[in-house]
Amino acid sequence: MKKYKRLTASFMTLLLLFSALLPIQAFSATDDPLSLTVSYDAKCGEPSVFTLNATGGSGNYLYLLNNVTRDGEDGQYFIMDPSRLPGYKTDNTFEITFYASGVYYLHFYVMDKDSRPIVTKRKIVKVTLNDPEYPTVEAVADQIASECAAVCKTDYERALWLHDWLVDHCEYDYSYLYCNPEGALVRGTGTCEAYHRAYTMLLRRVGIASGRIEGNGHVWTAVYIDGNWYQVDVTWDDNGYSDHTYENYLYFGLNDTIMNMVHSDHAPNNGYISNSLACNYFIKSGLIHNWSDALEDSIQTNLQTGAESFDIPVTSNMPAGYQDVIYNLAAYQLSTQEWENETHTVKINASYSAGQMKINATYTPIHTHSWDNGTITKEPTVSSDGIKTYTCTICGATKTETITITRLQTPTAKAVVNANGGFTISWNTVTGADKYDVYIDNGTGYKLLRTVTGTSTTTGTAHYGKKYSYKVRAVNSRNSAITSAFSSTVSAINNKRLVTPTAKTVVNANGGFTISWNTVTGADKYDVYIDNGTGYKLLRTVTGTSTTTGTAHYGKKYSYKVRAVNSRNSAITSAFSSAVSAINNKRLVTPIPKIKVNTNASFTLSWNTVIGADTYEIYLKTANGSYRLLKTVNTNSATIGGAVKGKTYTYKVRAVNSKNSTVTSAFSNELSGIY
């Protein structure tokens with residue numbers, strides 16, 4: 001059975017109850033009230049850093065991102081499963097990447113862990129993003145639905161097209177974090193919750209009703225197609241195959257009975273009773289015959305003997321869960337077919353269990369017909385079979401015989417080179433064909449590339465400068481003997497390298513740099529080169545469209561350039577981008593300290609956290625007015641003992657980055673205390 005994909009949380013319950021689990025605020029009249037502010041620069045497509053700044057209380061803080069929600073067309077919903085987010089931490093920065101425009105709400109908390117009882121403060125940050133390059137989730141759904149409506153005519157075709165879009169564009173999120181349509185539609189990853197909600201969002205846009213089904217800690221979709229409800233599990237159909245196999249459709253259009261074999265605690269939902277298999281993918285497409293036809297001879301042999309109940313062994317290498325689905329569909333197909341022996345018409349009722357196809361047969365006596373020579377009642381054409389009708393000269397009963405369609409016309413093919421160095425092979429529609437075989441010759445002879453139902457197919461990036469040849473033939477799936485001749489050969493050569501990326505660089509708050517560039521079609525990674533004064537060399541290779549350096553030397557110039565790479569074909573690597581340069585003109589922020597006189601002849605110094613600093617130096621003013629280094633700490637507070645009664649002690653603090661002394665901050669203001 002395929003790997004189980006779990007429902008990560010019951011989100012409706014979490015939305016109401018999660019905040020109630022947090023500590024309750026409590027203050028006394030003498031407390032310095034705890035407060036929280038958040039600074040940030042939010043944008044789409046690259047990490048946005050949110051910095052929490054707390055004041056008041058003891059100064060010993062912990063910070064929490066409780067949840068992230070978004071305004072959607074059905075109200076506000078979680079972007080991430082709150083139960084999967086980390087708990088309180090000492091670091092006051094949080095990094096989030098937004099992939100769509102819209103209105104988001106980030107729920108932050110600060111905890112004063114030295115207060116008794118513990119005090120917390122919440123701050124909800126509303127972030128509104130509007131970036132044309134990153135449209136809203138709703139706009140993305142509108143575009144997908146529009147593409148679906150343009151090529152699909154029936155509800156079945158629309159439901160299947162949207163199912164395939166999600167399978168092709170989304171991967172299961174094994175971190176169990178992204179739990180809503182935003183994950184599946186714009187991030188390209190999500191849990192079963194994300195698959196289901198994205199699917200229902202798309203179905204709504206093409207006028208198809210849907211519902212929510214749960215079982216065994218998992219969620220999938222009820223879909224209303226042509227007057228009946230069907231069970232569709234897009235998550236379990238996503239097996240990661242780019243060329244779809246039967247496994248990508250195993251859970252499209254099941255009834256409650258078969259779905260219960262997959263999910264043991266599934267029971268029919270009164271609002272979505274699913275008792276039809278007419279729009280099951282294998283039944284509708286006829287592909288179920290790949291399994292049912294192999295059992296017909298054994299069934300017919302038993303029917304010839306008049307057996308009323310018998311089992312047919314089924315031998316299969318597929319997992320047991322797959323067999324339960326496929327062979328119960330095969331049982332449905334066999335039960336709908338017409339059967340007879342020499343003396344009886346036969347109605348069979350087939351079911352499958354544990355490697356056996358179980359058959360119950362009901363026999364109705366017939367006389368021996370005397371058939372005439374038959375009359376052609378429908379002529380065969382290239383688009384449809386003909387029919388020949390025979391009449392019994394004794395009772396007047398009739399039977400029909402199919403006259404297969406004539407040979408299909410030969411398609412005319414053409415091939416073009418795409419912007420990413422791949423090819424699109426296309427051809428005209430052939431009347432009577434419902435699929436097309438595309439063959440490829442890359443220098444070793446022709447072989448089948450793939451079979452498609454449309455009139456075009458696109459390859460991946462081809463080797464630069466190499467010739468590829470293609471030919472196409474039309475096929476009728478009901479009769480494999482009726483195919484067209486092959487089209488004339490069409491050839492193409494990839495003469496296109498990847499487009500040169502356009503790079504830019506910015507100086508970050510900590511004195512490091514972020515280098516970013518546009519997405520290049522056909523590229524799956526990017527080489528980033530650096531010149532820090534000794535010539536260019538490879539800094540790193542990344543799969544995204546940005547990378548961030550550590551803190552740079554203050555005042556020193558660094559130059560970068562980027563090129564796009566296809567890991568399967570190094571010959572099409574792009575040219576380098578124009579060089580972009582940056583200089584770190586930012587020192588660390590000067591800390592702001594405060595002092596507390598303790599009762600045990602000591603002082604406690606504390607200050608705000610400085611981004612980029614990993615240590616802090618505390619200096620003590622000496623009797624002659626100069627300062628000496630007292631101690632270095634890696635936290636934002638320190639206690640200094642040994643104070644003499646009535647003596648004034650003066651301190652100052654500065655922030656330090658141990659890897660780059662050039663960005664050391666200025667000294668803080670002097671801070672004095674008398675014990």
**Student:** Indicate whether any N or O donor in one side chain lies under 3.5 Å from an N or O acceptor in the other, for Thr500 and Arg563.
**Tutor:** no
**Student:** With distance as the sole test, does Asn418 use its side chain to make a donor-acceptor pair with the main-chain N or O of Gly421 at under 3.5 Å?
**Tutor:** no
**Student:** Could you walk me through whether Thr200 and Arg212 pass the side-chain contact (heavy atoms from CB on, under 4.5 Å) check?
**Tutor:** CA-CA 9 Å; Thr200 59; Arg212 179 188 181 87; over 6 Å; no
**Student:** Donor-acceptor pair, distance only, cut-off 3.5 Å: does the side chain of Tyr199 make one with the backbone of Ala159?
**Tutor:** yes
**Student:** Between Tyr99 and Thr97, is any pair of side-chain heavy atoms under 4.5 Å apart?
**Tutor:** yes
**Student:** When you measure from the side chain of Asp434 to the backbone N and O of Ser477, does any donor-acceptor pair fall under 3.5 Å?
**Tutor:** yes
**Student:** Pairing donors with acceptors under 3.5 angstrom, does anything connect the side chains of Thr410 and Ser484?
**Tutor:** no
**Student:** Val452 versus Lys435: any side-chain heavy-atom pair under 4.5 Å?
**Tutor:** no
**Student:** By the salt bridge (Lys or Arg N to Asp or Glu O under 4.0 Å) test, which pairs, at least two apart or in different chains, include something from residues 452-465?
**Tutor:** none
**Student:** Would you check if there is a donor-acceptor pair between the side chains of Asp237 and Thr235 at a distance under 3.5 Å?
**Tutor:** no
**Student:** Check for a donor-acceptor pair, side chain of Asn494 on one end and backbone N or O of Gly465 on the other, with a separation under 3.5 Å.
**Tutor:** no
**Student:** Which word best sums up how the rings of Tyr251 and Tyr322 line up, parallel for under 30°, tilted for 30 to 60°, or perpendicular for over 60°?
**Tutor:** perpendicular
**Student:** Between Asn442 and Lys466, which heavy-atom pair has the shortest distance, and what is it?
**Tutor:** O-CE, 3.2 Å
**Student:** Is it true that Asn280 and Tyr249 share a donor-acceptor pair across their side chains at a distance under 3.5 Å?
**Tutor:** no
**Student:** Identify the residue among Tyr156, Phe282, Tyr230 that makes a side chain to side chain contact (heavy atoms under 4.5 Å, CB included) with Phe252.
**Tutor:** Tyr156
**Student:** Give me the atom names and distance for the closest heavy-atom approach of Ile326 to Ile288.
**Tutor:** O-CD1, 3.6 Å
**Student:** Measuring from Ile225:CD1 to Thr154:OG1, what's the distance to the nearest 0.5 Å?
**Tutor:** 8.5 Å
**Student:** Kindly state whether the ring of Tyr439 and the ring of Phe486 have centres lying under 6.0 angstrom apart.
**Tutor:** yes
**Student:** Are Tyr468 and Asp441 close enough that a side-chain donor and a side-chain acceptor fall under 3.5 Å?
**Tutor:** no
**Student:** Kindly compute the distance separating CD1 (Ile258) from CG (Asp324), expressed to the nearest 0.5 Å.
**Tutor:** 9.0 Å
**Student:** Compute whether any side-chain donor of one residue and acceptor of the other, for Thr458 and Thr424, lie under 3.5 angstrom apart.
**Tutor:** yes
**Student:** Taking 4.0 angstrom as the limit, do Asp142 and Arg205 come out as a salt bridge?
**Tutor:** yes
**Student:** Picking from Ile440, Val438, Asp437, what satisfies side chain to side chain contact (heavy atoms under 4.5 Å, CB included) with Leu448?
**Tutor:** Asp437
**Student:** Heavy atoms, side chains only, cut-off 4.5 Å: are Ile493 and Val417 in contact?
**Tutor:** no
**Student:** Parallel, tilted or perpendicular: which one describes the rings of Tyr174 and Tyr176, with boundaries at 30° and 60°?
**Tutor:** perpendicular
**Student:** Does the side chain of Ser491 come under 3.5 Å of the side chain of Ser469 through a donor N or O and an acceptor N or O?
**Tutor:** yes
**Student:** Testing Val234, Val223, Leu202, Val232 one by one against Leu162 for a side chain to side chain contact (heavy atoms under 4.5 Å, CB included), which residue passes?
**Tutor:** Leu202
**Student:** Applying side-chain hydrogen bond (donor to acceptor under 3.5 Å, both in side chains), run through Asn248 and His163 and close with a yes or a no.
**Tutor:** CA-CA 10 Å; Asn248 290 113; His163 165 283; over 6 Å; no
**Student:** Side chains of Gln333 and Ile283, heavy atoms from C-beta outward: is any pair under 4.5 Å?
**Tutor:** yes
**Student:** Would you name the heavy atoms of Ala141 and Leu185 that are closest together and state the gap between them?
**Tutor:** CB-CD1, 4.2 Å
**Student:** For Asp173 and Thr191, does a side-chain donor sit closer than 3.5 Å to a side-chain acceptor?
**Tutor:** no
**Student:** Taking atom NZ as the centre, does Lys504 end up with more than 12 heavy-atom neighbours from other residues, nucleotides or ligands that are less than 6.0 angstrom away?
**Tutor:** no
**Student:** Take the angle between the ring planes of Tyr526 and Trp517 and call it parallel below 30°, perpendicular above 60°, tilted in between.
**Tutor:** tilted
**Student:** Can you name the closest pair of heavy atoms from Asp233 and Trp220 and give their distance?
**Tutor:** CG-CB, 3.7 Å
**Student:** Between Thr431 and Leu408, what is the shortest heavy-atom contact and its length?
**Tutor:** O-CD2, 3.5 Å
**Student:** What's the shortest heavy-atom distance between Thr573 and Ala564, and which atoms?
**Tutor:** CG2-O, 3.3 Å
**Student:** From Leu334 CG over to Ile312 CD1, what is the distance, rounded to the nearest 0.5 angstrom?
**Tutor:** 10.0 Å
**Student:** Tell me if a side-chain donor or acceptor on Ser577 pairs with a main-chain N or O of Lys561 at a distance below 3.5 Å.
**Tutor:** no
**Student:** Are Gln300 and Glu296 close enough that a side-chain donor and a side-chain acceptor fall under 3.5 Å?
**Tutor:** no
**Student:** Quick one, Glu338 and Ile348 - any side-chain contact, counting heavy atoms below 4.5 Å?
**Tutor:** no
